[in-house]
There are 4 protein chains.
Amino acid sequence: MGSIWGNAIKLSLFGESHGAGIGVVIDGFPSGVAYDEAFILREMERRAPGRNKQSTQRREADLPLIQSGIYNGKTTGTPLCALIQNTNQRSGDYAALSAQPRPGHADYTGMVRYQGCNDPRGGGHFSGRLTAPLVFAGAMCKLWLKTQGVTVGSHIQSIAQIQDMPFDDVDVCPEQLDALREADYPVNNPRALDAMLAAIEDAREAQDSVGGVIECAATGLPAGLGSPMLDTVEGRLSSLLFGVPAVKGVEFGAGFAFAALRGSHANDAIYQEAGTVKTETNNNGGVNGGITNGMPLVFRVCIKPTPSISSLQQTLNLQTGRVEPLSIHGRHDPCIVTRAAPVVEAACAVALADLLREANGYA
Amino acid sequence: MGSIWGNAIKLSLFGESHGAGIGVVIDGFPSGVAYDEAFILREMERRAPGRNKQSTQRREADLPLIQSGIYNGKTTGTPLCALIQNTNQRSGDYAALSAQPRPGHADYTGMVRYQGCNDPRGGGHFSGRLTAPLVFAGAMCKLWLKTQGVTVGSHIQSIAQIQDMPFDDVDVCPEQLDALREADYPVNNPRALDAMLAAIEDAREAQDSVGGVIECAATGLPAGLGSPMLDTVEGRLSSLLFGVPAVKGVEFGAGFAFAALRGSHANDAIYQEAGTVKTETNNNGGVNGGITNGMPLVFRVCIKPTPSISSLQQTLNLQTGRVEPLSIHGRHDPCIVTRAAPVVEAACAVALADLLREANGYA
Amino acid sequence: MGSIWGNAIKLSLFGESHGAGIGVVIDGFPSGVAYDEAFILREMERRAPGRNKQSTQRREADLPLIQSGIYNGKTTGTPLCALIQNTNQRSGDYAALSAQPRPGHADYTGMVRYQGCNDPRGGGHFSGRLTAPLVFAGAMCKLWLKTQGVTVGSHIQSIAQIQDMPFDDVDVCPEQLDALREADYPVNNPRALDAMLAAIEDAREAQDSVGGVIECAATGLPAGLGSPMLDTVEGRLSSLLFGVPAVKGVEFGAGFAFAALRGSHANDAIYQEAGTVKTETNNNGGVNGGITNGMPLVFRVCIKPTPSISSLQQTLNLQTGRVEPLSIHGRHDPCIVTRAAPVVEAACAVALADLLREANGYA
Amino acid sequence: MGSIWGNAIKLSLFGESHGAGIGVVIDGFPSGVAYDEAFILREMERRAPGRNKQSTQRREADLPLIQSGIYNGKTTGTPLCALIQNTNQRSGDYAALSAQPRPGHADYTGMVRYQGCNDPRGGGHFSGRLTAPLVFAGAMCKLWLKTQGVTVGSHIQSIAQIQDMPFDDVDVCPEQLDALREADYPVNNPRALDAMLAAIEDAREAQDSVGGVIECAATGLPAGLGSPMLDTVEGRLSSLLFGVPAVKGVEFGAGFAFAALRGSHANDAIYQEAGTVKTETNNNGGVNGGITNGMPLVFRVCIKPTPSISSLQQTLNLQTGRVEPLSIHGRHDPCIVTRAAPVVEAACAVALADLLREANGYA
């Protein structure tokens with residue numbers, strides 16, 4: 001139906017960009033996890049707009065107000081609700097927007113889906129702002145995953161066509177992931193970053209936008225999470241990852257590059273090290289038959305260029321029935337890939353926490 | 001958890017490769033849909049092994065025995081169970097297989113997941129054979145979707161590095177999809193096929209295997225299916241698509257190619273034709289904000305090379321604790337991409353039927 | 001698991017009695033339903049404490065603050081979140097309470113379930129206060145059900161052993177249900193009420209409490225809602241009704257009285273009136289084989305006496321390991337049956353809305 | 001929707017009375033549980049018709065044919081499918097039956113629900129025969145529960161108005177429950193049985209039927225299963241119990257008798273014995289706030305009199321539109337309470353296994 005996800009840990013997201021507030025209810029979260037507010041706020045800040053020149057200059061407080069589920073500094077195990085108030089809305093002329101749905105956006109599909117009753121202001125429930133409560137949920141899950149030895153992190157694999165150095169998929173370690181999380185821009189190769197930023201600036205000057213790829217990894221996962229066929233690790237992760245606005249592709253391990261490999265090179269040979277079963281390569285991205293194998297989980301998502309661009313677009317006006325020019329005003333990121341990284345990590349952390357909590361009951 | 005999927009229409013898959021039988025229960029299927037056995041059997045045949053030189057020479061009856069849910073030639077609306085008996089098992093030496101899990105397979109992860117109790121014969125519940133009941137379910141869903149004006153089809157986009165001509169994503173039509181379904185090998189460009197078959201033969205001779213990409217499309221979908229954020233069309237489809245063994249990547253519309261596009265080229269300009277809202281391009285693959293927009297649904301999945309190869313592999317023997325040579329005997333496809341096409345279509349059809357049936361209650 | 005419920009319409013309840021706030025997220029609610037705030041507040045008021053002598057003298061604002069899902073006075077169809085702030089907490093000495101769990105309460109089970117991390121103040125997430133967001137959700141569902149011709153109402157069937165006149169189960173009508181909703185105490189026989197109130201006063205003077213039975217009905221339901229076996233109308237309703245604190249029994253139609261009937265009297269003979277199929281009697285309470293038959297839905301729930309009583313109880317002190325006297329101070333209702341009526345109606349309305357919305361997709 | 005149930009352990013029931021076969025898929029069942037076929041068959045036999053004079057003289061093999069999920073005598077952890085073939089159908093004149101739906105049955109509601117496409121022969125999917133796979137699933141769950149120290153059993157609390165001695169709700173023990181399971185008729189007071197059997201014979205001679213009450217208990221449950229509000233132990237159990245055909249009421253502990261109790265008598269005082277927290281009485285039936293408290297789980301369900309009676313009934317003929325006499329021929333039980341006992345236990349065992357498996361992941 002829409003805004004509830006999960007099995008052992010369930011999320012319920014709510015809110016519209018210009019309504020009173022947005023937030024999330026997390027059901028089934030383990031009890032007794034220490035609430036590290038500083039960590040949560042840092043994660044929120046990573047996603048927040050206005051941090052740097054590349055992202056929009058709006059400033060939103062994005063302060064999660066805990067309504068329930070935290071007591072004496074620890075999670076209670078009962079539903080945890082965090083509310084983020086909307087304080088900085090400028091609603092503007094949304095009647096116009098309803099008349100001329102923005103290309104690449106959900107204006108038209110939202111109107112059809114909800115029979116014209118959805119809140120169109122700022123994208124309403126479709127707004128990228130809704131990723132803020134997802135990041136909150138992800139941050140909470142990271143706190144619990146940490147206690148289970150699991151670390152989630154990501155880097156910008158590419159922006160426009162500029163590539164960062166990919167993760168070493170057999171050796172990626174928690175320290176590397178933690179360091180990336182602290183960086184202004186999470187990249188493995190600082191020189192790639194300069195080119196990326198230049199590409200973003202080019203796009204901004206052209207009143208245009210660029211997309212990219214985020215690579216995400218998780219270390220410390222035990223073997224045995226997930227299930228074959230209808231509830232695979234890949235399937236469960238991707239069901240949430242595609243909920244991150246602008247994600248249009250998800251691949252695990254070698255992903256689409258598998259198409260050009262032969263089996264003899266694609267197969268990950270198995271060996272043992274200090275009693276732990278490992279693989280020489282990690283083309284399967286840590287998952288075989290839908291189940292984790294104990295190697296690092298590695299996947300990539302594609303982020304399409306922001307559809308909100310200032311340059312003129314020729315597109316349908318529903319009221320006149322004619323194609324007319326549309327110029328989208330307002331504050332828009334020429335590239336949301338940098339801000340999307342913590343959102344992708346959040347989706348990953350939530351899905352892994354759900355899988356891990358469920359698997360804890362298997363034995 | 002694991003082998004149940006869906007919301008309005010739910011699948012429950014069961015079976016092991018060498019057990020008594022495999023099958024599927026479909027719950028929530030619409031009542032009154034005519035059971036077209038000939039169509040069902042053709043779909044089953046498309047997936048079945050042994051059809052041609054490229055696929056394994058085993059012959060399996062794969063005849064779905066209807067246990068319930070069909071009465072007087074129509075679906076009853078109550079659970080539909082189809083059972084496929086296993087008749088041609090040669091169990092062989094699976095003790096050895098438990099000792100030395102095959103690289104790229106689920107032998108090791110299945111063992112961990114089920115504490116060593118899973119049936120290892122022929123891959124057990126992880127066997128590609130389990131896609132037979134999925135194809136049956138997909139064929140049933142295609143029958144219902146047809147009554148709703150929706151057609152699902154696919155072609156082999158690539159094998160090894162040889163590319164077929166992609167779908168024209170704004171103009172793909174039911175007739176094209178129906179014709180592909182009837183073809184021995186579903187390709188848009190017959191010349192690409194020869195090269196593909198040659199590449200498969202090369203791999204076979206090298207005792208190796210190759211992967212590829214399948215492109216799938218659906219026409220006739222109404223706008224308004226799916227939901228934002230946590231239950232998107234992309235998310236729901238991919239949650240099932242990744243259950244198709246060997247699928248390691250899923251992308252919608254332009255997919256990963258979005259990373260190199262600018263917004264001004266990526267955005268699909270909207271226009272109107274004979275009262276229908278359409279888009280000039282279809283980079284979003286028929287989905288905006290997680291919701292169908294009425295354009296053809298277009299997506300691709302990557303199929304990794306079959307991990308079962310005859311050439312020698314150096315891999316861990318769990319009993320000796322040492323890396324030792326492994327040679328996988330038996331009948332193996334050097335390329336499962338051709339047989340995977342109907343399976344990918346089936347996953348797509350099931351997911352779309354689920355979305356459509358759910359959406360029928362929205363208005 | 002725990003605080004999410006539903007299929008086509010999903011609730012996510014959150015909050016603790018003395019936390020920042022309590023509330024509910026409703027996912028899948030139909031779009032375009034007019035938000036009748038006056039109606040909502042009247043329903044909230046019916047459940048609120050302090051309305052009369054029989055209920056506790058606390059006054060709580062219980063004002064639902066809409067965070068999302070309402071726009072231009074109508075539901076958007078995207079998640080609807082209502083938040084109720086906690087303003088009147090007196091937390092008192094809950095350390096003591098943790099030491100000596102109250103008999104008949106969830107103090108002990110909550111402690112075990114959440115490893116001692118749950119918020120014990122005022123019962124925390126187990127507080128009857130959590131029924132406020134449920135009443136809100138029920139009121140929203142009543143608004144939609146009204147547009148579908150469905151009315152839900154209830155009366156106090158008994159308090160202590162004093163019986164009200166039961167519903168005429170073949171003739172109960174919307175007007176009767178609406179009138180009961182407006183009454184201070186919903187009873188069919190005003191004379192029974194006096195005796196009930198006297199029984200409550202007796203209990204209060206004895207520092208004790210009394211229980212009772214609520215009978216609930218819904219009119220206007222179409223035939224054909226629900227499913228056989230694993231998803232019956234009775235099963236779905238009861239799964240939510242048992243979530244209303246203090247409910248320990250649910251029966252439909254003749255319920256437990258069936259045990260003393262013979263089939264010839266228990267069977268509801270079928271006839272037709274003005275084209276509508278009806279039954280002469282309604283011993284099955286409007287449901288056959290788990291599916292509505294078009295007759296009024298009628299069921300009863302038992303409400304146990306409030307476990308919070310002022311009179312001394314001998315019960316375990318977990319710290320000393322000894323049974324010791326416990327006296328529960330504070331503001332407690334000697335009878336919660338009157339306040340429970342709108343909560344039972346709410347659970348019913350939510351379950352029926354869920355069933356109806358789902359069934360709208362069947363045809 | 002309809003025939004899938006559960007969270008950590010999911011059932012998928014299928015089949016019609018006169019179709020090819022009926023059965024169940026169990027998903028999420030723990031791996032490594034020894035398959036005790038003799039126990040399973042005994043449980044099946046308890047439910048089977050034709051065992052004695054009181055039940056119908058049909059004999060059905062009811063042999064569960066394992067299709068998957070058992071390997072080397074133990075559960076694999078992957079989906080377990082058991083199929084029961086229908087061998088003894090006499091379909092008779094079901095066209096007549098469609099014309100004149102039987103009072104108290106689901107003939108009419110099934111027709112509406114499935115737009116007239118459901119299989120009406122022998123009640124189709126609504127047949128009591130569908131409880132056979134439920135009993136199978138329950139028996140499997142009992143096998144696992146036994147390994148966890150949990151025992152489920154029941155007795156006939158009443159038939160017509162004749163009462164058996166209820167369970168001692170604080171002292172009911174596994175030995176007592178095991179003995180009841182072995183008895184031809186599970187009663188605590190053998191003298192009550194004679195009167196019950198006489199009442200059944202009276203009803204048979206009058207071409208009528210009688211109902212009754214089954215009391216069910218489970219011992220050995222740990223404290224801490226279940227959740228408050230929306231996923232209570234009572235709610236989850238009842239959601240399945242109401243799926244047992246003819247169940248129209250469910251009550252836990254004192255149940256409806258709570259209505260006549262005062263809090264001071266209703267509350268279960270807590271004490272400790274050999275380090276275990278217990279209660280002096282067990283009016284709450286082992287559940288507080290929706291969560292088990294470690295005391296025996298005790299509940300009762302009401303079974304309505306079999307609606308299939310031979311005596312003449314005046315009821316609607318849908319084809320003529322007139323009320324006409326109906327006489328139901330065939331083999332019918334004048335009382336199904338005795339056969340319902342193992343079905344109620346099965347529903348209980350499945351629900352408890354689901355709760356327990358889920359809870360194993362909490363810590």
- [ ] Counting only heavy atoms closer than 4.5 Å, note whether B:Leu130 contacts chain A via side chain, backbone, both or neither.
- [x] both
Task: Structural part of B:Val287 lying under 4.5 Å from a heavy atom of chain A - done: both
Open item on the list: Test side-chain contact (heavy atoms from CB on, under 4.5 Å) on B:Phe256 and A:Val213; report intermediate values, then the result.
Closed with: CA-CA 8 Å; B:Phe256 278 90; A:Val213 171; 4.1 Å; yes
Open item on the list: Please identify, among B:Ile159, B:Leu13, B:Asn293, the residue contributing the most non-hydrogen atom pairs under 4.5 Å to chain A.
Closed with: B:Leu13
Task: Segment of B:Ala266 engaging chain A (4.5 angstrom heavy-atom cut-off) - done: side chain
Task: Any donor-acceptor N or O pair under 3.5 Å, side chains B:Ser227, A:Arg113 - done: yes
TODO: Taking atom types as modelled, find out whether A:Asp208 and B:Ser264 have a side-chain donor-acceptor pair closer than 3.5 angstrom.
DONE: yes
Open item on the list: Quick check on A:His105 against chain B: is it the side chain, the backbone, both or neither that has a heavy atom closer than 4.5 Å?
Closed with: backbone
Open item on the list: Please tell me whether B:Asn283 and A:Lys304 have a donor and an acceptor in their side chains that are separated by less than 3.5 angstrom.
Closed with: no
- [ ] May I have the step-by-step check of side-chain contact (heavy atoms from CB on, under 4.5 Å) for A:Asn267 and B:Thr315, ending in yes or no?
- [x] CA-CA 10 Å; A:Asn267 284 349; B:Thr315 191; over 6 Å; no
Open item on the list: Under 4.5 Å from any heavy atom of chain A, what part of B:Leu11 do you find: side chain, backbone, both or neither?
Closed with: both
Task: NZ/NE/NH1/NH2 to OD/OE distance under 4.0 Å, A:Glu251 and B:Lys248 - done: no
Task: A:Ser238 and B:Ser238 side chains, donor-acceptor separation under 3.5 Å - done: yes
- [ ] Can you tell which part of B:Glu234 gets under 4.5 Å to a heavy atom of chain A, answering side chain, backbone, both or neither?
- [x] both
